[in-house]
Every structure is written in structure tokens, then in C-alpha cells.
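Read the structure below first, then the notes.
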Amino acid sequence: MSQDATPNRPIPITDPTTAPFWAAASRGQLSLPRCGDCDRVHYYPRAVCPHCGSESLAWETLSGRGTIHSWTVSRRPAGAGFKPYVPYVVALIDLEEGARMLSNVRADDIESVAIGQAVVVDFEEMAEDIALPVFRPAD
Amino acid sequence: MTRDVVIAGIAEAGLNKGVFAEPVSVLDIQAQCATRAVADAGLTMADVDGLLTAGLWGIPGAGTIMPLSVVEHLGIKPRFVDGTNIGGSAFDAHVAHAAMAVERGYCDVAVITYASDQRSASGRNLEGKPPHLNMQFDSPFGLLTPIGSYALAAHRHMHEYGTTSEQLAEIAVAARRWAQLNPDATKRDDLTIDGVLESAMISDPLHKLDACLVTDGGGAVVVTTPEKLGAAARKRAVYVRGYGESVSHWTINSMPDLTTTPAAKSGPAAMQMAGVSHDDFDVVQIYDSFTITVLLTLEALGFCKPGEGGEFVANGRIAPGGAFPMNTSGGGLSCSHPGMYGMFLLFEAVRQLRGDAGERQLEKATTALVNGTGGGLSSTATCVLSNR
């Protein structure tokens with residue numbers, strides 16, 4: 001668990017559907033709903049499957065592995081809370097289980113970040129029962 | 001009952017160095033422009049029975065519900081109101097909605113209004129959106145808004161097709177050359193490809209000069225049917241021949257395909273309705289929030305194949321004198337960009353079709369395509385306009 005949490009970044013305001021996602025992250029797990037009808041995992045968590053409309057959904061702990069679908073570097077902070085992080089990588093991650101999520105890639109050398117690169121999840125504690133799932137290059 | 005539909009009047013608020021020349025409130029700007037656009041159509045505000053508006057000034061908070069605020073400020077009592085807000089393409093969608101209402105006689109004279117004082121109020125700060133609902137999966141990661149979403153699409157396009165930063169820069173350079181022919185454009189100094197590439201990197205691979213301007217802006221468009229117009233206004237009317245809309249997502253993690261905008265649906269729908277094809281357009285106005293927006297839109301609309309946008313815009317093709325006249329005002333990149341630019345695409349298309357475009361007037365301008373894009377490549381609205 002990373003220790004560089006800053007209270008100034010926007011902290012997710014959860015709701016009953018999304019709270020389990022953030023709480024799982026604070027336990028060190030990446031968890032998303034899988035549909036009991038179409039068998040697809042979706043991001044972000046919803047009460048109704050966006051792929052088939054089913055309400056038969058069950059939380060599943062994912063592998064935490066994925067690949068970078070695309071990336072950018074924020075050279076300016078997206079608000080004051082991000083100033084300590086500039087420049088930082090924001091990326092779309094294709095998760096092994098099939099969903100695509102927006103996250104950060106924490107890399108020692110941001111110039112090495114590339115599309116197709118394998119990444120694994122890591123977690124940054126933000127508040128009680130809320131941690132941010134971020135990624136780092138896979139070893 | 002189906003009637004012909006025309007854009008019969010336009011009015012754009014004057015700018016001075018990117019801020020309102022007349023510093024009044026966003027509501028007063030809309031009142032002034034609505035009145036002037038109605039006069040341009042040879043009508044009066046008493047004729048107006050439809051009102052469509054969108055903007056960012058009313059968010060958040062009850063008490064600033066936009067259509068109600070604007071209706072009250074204009075002192076009208078419309079029987080048709082539409083406050084559709086799908087980002088910068090909203091006003092192009094409003095043309096479609098107004099057209100549907102006018103075609104069926106649901107209203108006779110619809111006015112579309114917009115104003116933004118983002119530059120003079122230093123209000124262009126889309127960061128800090130509350131991290132709730134679907135934004136809780138976006139804001140905490142610090143994606144710059146809106147440029148970050150477009151940067152993600154640009155990198156993906158480069159990865160899939162080998163598109164280069166030089167090719168994107170060509171779009172900004174062409175816009176500047178058109179702006180140099182437009183005395184009302186905000187940025188008119190010389191710009192080269194190197195100048196774009198040497199400007200600050202904001203969100204890789206997009207530089208400062210890959211991004212649109214941040215200006216004030218406002219205006220109004222009158223949509224009606226020719227039978228409501230006098231002879232002079234009818235002669236200057238621009239026909240709405242086709243329209244289409246498509247919306248696919250809000251946050252970029254949910255964009256189905258980063259290199260295919262919803263224009264792939266709205267464009268063919270509008271062209272089919274109008275009975276035209278790509279070769280029929282004398283001028284096109286493509287929302288240029290960022291250089292990549294143009295490239296993706298040209299591909300989505302089918303002016304070139306996916307991946308060929310970089311070659312399509314090369315060698316001055318979209319610049320003055322080029323084979324593909326586009327964004328002839330200088331666009332959002334060099335003329336003005338008040339946050340939601342879709343109405344300004346309409347202004348320039350109408351000016352060209354009326355023969356009112358001054359030094360940048362095209363020799364032949366009969367049929368125009370307008371394509372607005374909103375959000376993070378989230379929504380598009382396409383209009384086919386013709387002066388006959």
C-alpha cells in the first residue's frame with residue numbers, strides 16, 4: 001500500500017452501488033460486477049448491466065492485471081490536489097477480465113509508458129473504506 | 001404536415017481580443033443576439049414561439065434552469081422549448097430539434113441562443129467537478145478536462161495508424177491561415193507547424209496550440225419556415241436539408257472506440273436525409289476543439305478512410321486555396337471558442353452560403369456540412385445546409 005496519499009485530491013463520493021468497489025480497493029482488491037446473464041464484467045459499477053440490461057450482478061475480485069489501451073501525461077495539475085504529482089500519467093487500462101477503466105500509471109520513468117504495456121494494480125489509501133486503484137508496470 | 005425549414009437569421013456577439021466588446025451579462029448577450037437574429041430574418045420577437053438554449057452558466061443549482069431563465073429574460077412565451085445540453089454540439093442538435101418542430105407546425109419561429117463569458121470571468125474551469133455519480137470514476141485520477149480525453153484518443157490514433165504530431169499541427173496552421181482572412185478572428189499572427197510543435201505540451205501528445213482558444217462568445221440562430229418570411233429574408237434563407245445526432249458516452253472510459261466518433265452515425269444520417277454525398281459539399285465546418293477532433297471527425301464522416309485523416313489534411317488541403325475548404329472563419333482554434341462552439345459552425349456556414357464571408361468567401365458555396373462534437377468525443381450533431 002502506497003504511503004503518498006494526499007487529502008487534497010478529489011475523494012470519490014460513493015453511493016450504495018459504488019461503495020463496494022472503493023471499499024474492496026481499501027482492502028487491496030480490484031473488484032467489479034460480473035453479469036449473471038451475459039457473463040461480462042463492466043466498469044464502472046452499475047445496478048444494471050450496461051451490456052445486456054440484467055440486474056443479476058455479482059461482485060468479483062479481479063486479477064488486477066491489464067494492458068495500457070492509451071495514455072496521456074497531465075503536464076498541469078487537474079486541480080490543486082494534483083500539484084504534487086505533476087507530471088503524471090493518466091491511462092485507459094484494458095483489464096484482463098474485459099472491462100476498460102481510467103486510472104493512473106505510476107512509473108519511475110514516465111517516458112517508458114506505452115500502449116500495450118502490461119500493468120498491475122496498486123492501491124493508494126484516500127479515506128476510510130476508500131482507496132484509489134492505480135497501476136504500475138508489470139515486472 | 002411537413003414544411004421546408006430554413007435558418008433565416010443569425011447574430012453573433014462582438015468580441016474584442018476574445019472578450020465581449022459589450023460587457024453585459026450572459027443573459028443580456030442572449031437577449032441582444034436573439035433580437036438581432038430575429039431582425040436579420042425580418043421578424044420581431046413577437047413572432048418567436050420556440051426557444052432552445054444550452055450553456056454552462058446555469059450549472060449547478062436550482063434557480064438557474066436555463067430555458068426558463070432565457071425565456072423570462074427575453075420576455076417571450078414559447079410553446080416549444082428545448083434545453084438539450086450534450087456539450088458543444090448542442091446547438092447543431094438544436095437545429096435538428098427546431099427543424100422537427102417547425103416541419104410539423106409545432107412551432108413557427110424558433111430561436112436558439114447561447115452565451116459564455118468564460119474568458120472575461122476567467123471561468124473556464126471544468127476541473128473540480130464533484131467526484132460523485134459517474135465522475136467519481138474520473139475526477140480522482142486527474143485527467144485534464146477536456147483535453148485529456150482527446151489526448152487519449154490522439155495517442156490511440158497514432159498507435160493504430162502512425163498519425164504524427166506534424167499532421168495534427170497542419171490542422172492548426174490551416175485554421176490560422178483562414179483566420180488571417182477574417183478580421184473578426186481572435187488569433188491572426190503567423191503560425192507554422194514548428195510553432196505548434198514548440199508550444200507547451202499540455203496533455204501528451206497535444207500541445208497548447210493543438211487546443212482551441214478560450215474566449216467569450218454568444219449568439220442566436222433563427223429557425224423557421226419560408227412561408228413566415230418576407231421576400232428579402234426568403235432570398236437569404238439557408239435551407240436545413242438534413243440532420244442527424246448520435247451520443248455514445250460521457251466519461252472517456254466508456255467511449256466504445258477511441259478513434260471512431262459518433263459522427264460515424266450522425267453524418268450518414270444527415271446526408272441520407274438530405275440526399276447528398278461527400279462530393280456535394282462546397283464547404284464544411286467541423287468542430288475543432290482540438291486538432292485531433294477534426295482528424296477523427298473527417299474519418300468518421302467518411303471524407304476519408306479510418307487512419308487516413310493525417311494524409312487527408314496534409315499539404316494545405318484544408319487551408320485557403322486548398323481543395324477542401326474547411327473551418328473558413330479560423331474555427332475554434334483561431335477565431336473564437338467560448339466553451340460550446342457548435343453555434344459558431346452554423347454562423348460560418350450560413351455566411352458562406354449567403355455570400356457574406358468577405359475576403360474568405362468561397363467562389364462556389366451552395367451546400368455546406370456542419371458537424372458539432374461535444375463532451376469528450378461524446379456527442380455529435382450533423383447538419384446539411386443549402387442555399388437552395
Side-chain angles (χ1 to χ4, degrees), chain A residues 6 9-15 17-19 21-22 25 42-46 50 68-95 99-105 110-111 113-116 124 126-127 130-135, chain B residues 124-163 165 199-208 210-211 248-259 290 292 296 376-377:
Chain A
T6 160
R9 281 185 293 172
I11 296 172
I13 299 168
T14 68
D15 55 65
T17 302
T18 66
F21 172 84
W22 300 109
H42 68 263
Y43 182 88
Y44 49 89
R46 295 155 166 93
I68 296 177
H69 181 75
S70 193
W71 59 279
T72 184
V73 179
S74 294
R75 303 276 170 184
R76 298 176 178 182
F82 293 97
K83 275 183 188 163
Y85 296 86
V86 170
Y88 55 91
V89 177
V90 186
L92 289 167
I93 310 296
D94 286 338
L95 301 174
R100 179 175 299 162
M101 67 179 284
L102 187 80
S103 185
N104 298 120
V105 174
I110 61 172
E111 304 302 327
V113 170
I115 289 174
E124 295 176 0
M126 297 195 93
I130 297 177
L132 202 62
V134 300
F135 289 79
Chain B
R124 177 71 174 178
N125 187 4
L126 297 180
E127 276 104 43
K129 277 181 291 194
H132 67 172
L133 302 176
N134 46 4
M135 293 311 295
Q136 71 187 275
F137 298 97
D138 194 292
S139 305
F141 299 101
L143 186 68
L144 291 168
T145 304
I147 190 170
S149 298
Y150 291 80
L152 289 166
H155 255 164
R156 189 70 202 177
H157 199 275
M158 290 174 164
H159 174 79
E160 289 183 14
Y161 300 116
T163 303
S165 290
S199 67
M201 189 69 87
I202 306 293
S203 188
D204 305 35
L206 298 181
H207 308 78
K208 185 176 197 297
D210 283 302
S248 66
H249 64 281
W250 167 226
T251 52
I252 195 68
N253 71 71
S254 295
M255 184 166 182
D257 175 349
L258 282 186
T259 61
F290 302 95
I292 185 67
L296 294 177
L377 295 161

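Keep in mind that the numbers below use all heavy atoms, side chains included, and drop hydrogens, waters and symmetry copies. All chains are named by letter (A, B, ...) in the order of the sequence lines, taking the proteins before the strands, and each is independently numbered beginning at 1.
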Minimal heavy-atom distance between Ser103(A) and Phe141(B), with the atoms involved, is CA-CD2, 3.5 Å

Under 4.5 Å to a heavy atom of chain B? For Leu132(A) that would be side chain

Okay, Phe21(A) and chain B: the region with an atom under 4.5 Å from a heavy atom over there is side chain

Counting heavy-atom pairs under 4.5 Å with chain B, the top scorer among Val89(A), Thr14(A), Thr72(A) is Thr72(A)

Minimal heavy-atom distance between Ser139(B) and Phe82(A), with the atoms involved, is O-CZ, 3.4 Å

When you measure from the side chain of His155(B) to the backbone N and O of Trp71(A), does any donor-acceptor pair fall under 3.5 Å?
yes

Looking only at Val134(A), Ile115(A), Ile93(A), the option with the highest number of non-hydrogen pairs under 4.5 Å against chain B is Ile115(A)

Rounded to the nearest 0.5 angstrom, the CE-OG distance for Met158(B) and Ser70(A) is 10.0 Å

Tell me, with the steps shown, if Leu258(B) and Leu92(A) meet side chain to side chain contact (heavy atoms under 4.5 Å, CB included). CA-CA 10 Å; Leu258(B) 282 186; Leu92(A) 289 167; 3.7 Å; yes

Report task. Give the C-alpha distance, both sets of side-chain angles, the deciding distance and a yes or no for side chain to side chain contact (heavy atoms under 4.5 Å, CB included) between Ile202(B) and Arg76(A). Result -> CA-CA 7 Å; Ile202(B) 306 293; Arg76(A) 298 176 178 182; 3.2 Å; yes

We want to know whether Gln136(B) and Thr18(A) form a side-chain donor-acceptor pair, criterion being a heavy-atom distance below 3.5 angstrom.
yes

In terms of heavy-atom contacts, Pro10(A) and Pro140(B) come closest through O-CB, 3.6 Å

Bottom line for Thr17(A): the part with an atom under 4.5 Å from chain B's heavy atoms is neither

Original post:
Does the side chain of Phe137(B) reach to within under 4.5 Å of the side chain of Pro45(A), using non-hydrogen atoms?
Top reply: yes

With distance as the sole test, does Ser74(A) use its side chain to make a donor-acceptor pair with the main-chain N or O of Gly142(B) at under 3.5 Å? yes

Cut-off 4.5 Å, heavy atoms of chain B, and the answer for His69(A) is both

Using a 4.5 Å cut-off on heavy atoms from C-beta on, say whether the side chain of Leu102(A) contacts that of Ile252(B). yes

What one should report as the nearest heavy-atom pair of Arg100(A) and Met255(B) is NH1-O, 3.9 Å

Chain A shares the most heavy-atom pairs under 4.5 Å, among Leu152(B), Asn134(B), Leu133(B), with Leu152(B)

One should read off an interatomic distance between Tyr44(A) OH and Ser254(B) OG, to the nearest 0.5 angstrom, of 5.5 Å

The interface call for Ile147(B) against chain A, heavy-atom contacts under 4.5 Å, is neither

